[in-house]
Amino acid sequence: MGAENVENTDLLIVGAGPVGLYAAYYAGFRGMSVTVVDALEQPGGQMAALYPEKQVYDVAGFPAVKAQDLVDNLVEQAAQAGPRYLLGQSAQTLTDTPDGVTVTTHRGTVVRAKAVLITAGIGSFTARPLPAGTAYENRGLRYFVPKPAELTDADVVIVGGGDSAVDWALALEPLARSVALVHRRPQFRAHEHSVRLLRESSVRLYTPHEVRRISGEDHVEEVEVRDLGTGEIEHLKADAVVAALGFVANLGPLTQWGLTMRGRRIEVDRTMRTNHPRVFAAGDIADYDGKVALISVGLGEAALAVNHIAPVIDPTLATVPGHSSDGI
């Protein structure tokens, strides 16, 4: 294997979402060299790939911030650390070395690091299909809305009751000709603030309803829904159907690294360390008693992890840093 396929770094961050990007900045602040690997072709993780136009409300200092703007700011902030990005590459194997670990990507790149921080979110993700409409995939049925403007002046039916369904309904309301939201239950699983905005909006709510059939010649034209309480059938005009039914997450090779798991997440202690002394985790992929899955919490976990990684990389470094205003 050629030397050009070998990376030497203090800290390898697996996952270039918001938590990984902030960790890259903070590691640079603590004087570490940083390499970031991500299976996607651009930084930002699920936020940038699935809903870049979504407004995010739980980040300190921002009453509201568009997801892509937040990602762009995090990339700019991380640039202060001069991270080396390995995008379009997924981490595959982890092996121990006398003074660290070696991680190999699916493209054969070898990263020699003194520590690893996993910030891979939910891992790779595949949308759950809408059984009644699979024949219309790419013909009006979609699972993501990265660019809401594409549905300007369209009649849109959204299926689902979680954050993505509600957020997309709110984002499309001022753009689309009409928006209808179909959910099997009267209650929504989305954030309370978003649900309140939804109920105050012009979005037509069909709950508890289910989609029975999608029809149209070459493209979606109509959605048949059934009231689960009365059995009544309604036909909704539609140019587009957004199936926001969640994702099937896959951590892939990370599950073979010998790390202690809690279901689909990696167990960490109060320092964000896994059962491997040189592997830490932060963000949605990390789990511990009392965990709250918010972006703001994940950003704090990233800083916590990096500060505890510092003495692992260099025993002369203290866990507690100075103030950022003091410089490095």
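- Residues Trp257 and Val103 are in side-chain contact: their nearest non-hydrogen atoms beyond the backbone lie under 4.5 Å apart.
- With a 4.5 Å cut-off on side-chain heavy atoms, Thr274 and Ile118 do not count as touching.
- Closest approach of Ser296 to Asp58, counting heavy atoms only: CB-O, 3.0 Å.
- Evaluation of the side-chain hydrogen bond (donor to acceptor under 3.5 Å, both in side chains) rule for Asp314 yields Thr316 as partners, not counting sequence neighbours.
- With a 4.5 Å cut-off on side-chain heavy atoms, Phe280 and Val312 count as touching.
- Contacts of His183 classified as ring-ring contact (aromatic ring centres under 6.0 Å, His included), with partners at least two apart in sequence or in another chain: Phe188.
- In the model, Thr319 has no side-chain atom that pairs as donor or acceptor with a side-chain atom of Asn307 under 3.5 Å.
- Looking only at distances, no side-chain donor or acceptor of Thr102 sits under 3.5 Å from a matching main-chain atom of Arg112.
- The aromatic rings of Tyr206 and His209 stand perpendicular to each other, their planes meeting at an angle above 60°, with 30° marking the opposite boundary.
- The two atoms that bring Pro43 and Val71 nearest to each other are O-CG1, 3.9 Å, heavy atoms only.
- Shown here are the ring-ring contact (aromatic ring centres under 6.0 Å, His included) partners of Tyr288, two or more places apart in sequence or in another chain: there are none.
- Of all heavy-atom pairs between Leu245 and Gly160, the closest is CD2-CA, 4.1 Å.
- In this structure, CG on Leu170 lies 5.5 Å from CG on Leu198, to the nearest 0.5 angstrom.
- A heavy-atom distance below 4.5 Å is found between the side chains of His276 and Asp96.
- Listed by chain and residue number, nothing satisfies the ring-ring contact (aromatic ring centres under 6.0 Å, His included) test with Tyr85 (two or more places apart in sequence, or in another chain).
- For Asn138, the side-chain hydrogen bond (donor to acceptor under 3.5 Å, both in side chains) criterion is met by no residue, not counting sequence neighbours.
- Residues Val306 and Met32 form a side-chain contact, since some pair of their non-hydrogen atoms from C-beta on lies under 4.5 Å apart.
- Between the side chain of Thr119 and the backbone N or O of Gly15 there is at least one donor-acceptor pair closer than 3.5 Å.
- Separating the CG atom in Leu299 from the CG atom in Leu74 is a distance of 6.5 Å, to the nearest 0.5 Å.
- Within 6.0 Å of atom CD in Glu217, 12 or fewer heavy atoms from other residues, nucleotides or ligands are found, so the atom counts as exposed in its surroundings.
- Counting only distance, with no hydrogens or angles, the side chain of Glu301 and the backbone of Gly283 share a donor-acceptor pair below 3.5 Å.
- With sequence neighbours left out, the side-chain hydrogen bond (donor to acceptor under 3.5 Å, both in side chains) criterion links Asn73 to no other residue.
- Distance check, rounded to the nearest 0.5 Å: CZ of Arg278 to CG of Asp99 gives 6.5 Å.
- Qualifying salt bridge (charged side-chain N to carboxylate O under 4.0 Å, His left out) partners for Glu224, counting only residues two or more places apart in sequence or in other chains: Arg213.
- With hydrogens and angles disregarded, a donor-acceptor distance shorter than 3.5 Å links the side chain of Ser33 to the backbone of Asp10.
- Around the CD atom of Glu76, the shell of radius 6.0 Å holds no more than 12 heavy atoms that belong to other residues, nucleotides or ligands.
- Note: Thr105 OG1 to Glu7 CD = 10.0 Å, rounded to the nearest 0.5 Å.
- Residues passing the ring-ring contact (aromatic ring centres under 6.0 Å, His included) test with Tyr136, sequence neighbours excluded: none.
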- Verdict with reasoning, Leu130 to Ile214, per side chain to side chain contact (heavy atoms under 4.5 Å, CB included): CA-CA 10 Å; Leu130 177 64; Ile214 296 177; 3.9 Å; yes

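- Judged by distance alone, the side chain of Thr97 and the main-chain N or O of Gly100 form a donor-acceptor pair under 3.5 Å.
- Here the side chains of Ile285 and Val19 are not in contact, with every heavy-atom distance at 4.5 Å or above.
- Residues passing the side-chain hydrogen bond (donor to acceptor under 3.5 Å, both in side chains) test with Gln92, sequence neighbours excluded: Ser90.
- Of the options Val223, Leu236, Val156, Val182, a side chain to side chain contact (heavy atoms under 4.5 Å, CB included) to Val241 is made by Val223 and by none of the others.
- Aromatic pair His193/Tyr57: centroids less than 6.0 angstrom apart.
- The salt bridge (charged side-chain N to carboxylate O under 4.0 Å, His left out) search around Glu210 returns Arg184, Arg226, not counting sequence neighbours.
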Determine, stepwise, if the pair Arg265 / Lys291 fulfils side chain to side chain contact (heavy atoms under 4.5 Å, CB included).
CA-CA 11 Å; Arg265 292 179 169 83; Lys291 169 82 174 188; 5.7 Å; no

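- Formation of a donor-acceptor pair under 3.5 Å by the Arg199 side chain with backbone atoms of Leu205 is not found in this model.
- A salt bridge (charged side-chain N to carboxylate O under 4.0 Å, His left out) check over residues 166-179, counting only residues at least two apart or in different chains, returns the pairs Lys54-Asp167, Asp155-Arg177, Arg177-Asp239.
- The heavy-atom pair separating Met272 from Ala305 by the smallest distance is CB-CB, 3.7 Å.
- At distances below 3.5 Å, not a single donor-acceptor pair connects side-chain atoms of Arg185 with backbone N or O atoms of Thr207.
- Between Ala169 and Val203 the shortest heavy-atom distance is O-CG2, 3.9 Å.
- Residues meeting the salt bridge (charged side-chain N to carboxylate O under 4.0 Å, His left out) test with Arg142, sequence neighbours left out: Glu150.
- Counting all heavy atoms, side chain and backbone alike, Val166 lies closest to Ala190 at CG2-CB, 3.6 Å.
- With rounding to the nearest 0.5 angstrom, the CG atom of Leu12 is 8.0 Å from the CG atom of Leu86.
- Taking hydrophobic clusters as Ile, Leu, Val, Met, Phe, Trp and Tyr residues chained together by side-chain heavy-atom distances below 4.5 Å, Leu70 shares a cluster with Phe144.
- Side-chain contact check for Arg273 versus His308: every heavy-atom pair is 4.5 Å or farther apart.
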* What's the verdict on side chain to side chain contact (heavy atoms under 4.5 Å, CB included) for Glu137 and Tyr143, showing C-alpha distance, side-chain angles and the deciding distance? -> CA-CA 9 Å; Glu137 290 179 1; Tyr143 296 98; 2.7 Å; yes

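- Residues Asp284 and Gln46 have side chains not in contact (no heavy-atom distance under 4.5 Å, counting atoms from C-beta outward).
- With respect to the salt-bridge test (charged N to carboxylate O, under 4.0 angstrom), the residues Lys66 and Asp72 do not qualify.
- In this structure a side-chain-to-backbone donor-acceptor pair under 3.5 Å is present from Asn275 to Gly258.
- Atom CG of Leu87 is separated from atom CG of Asp38 by 6.5 Å, given to the nearest 0.5 angstrom.
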So Leu254 and Leu259, side chain to side chain contact (heavy atoms under 4.5 Å, CB included) or not? Walk me through it. CA-CA 8 Å; Leu254 296 182; Leu259 305 177; 5.9 Å; no

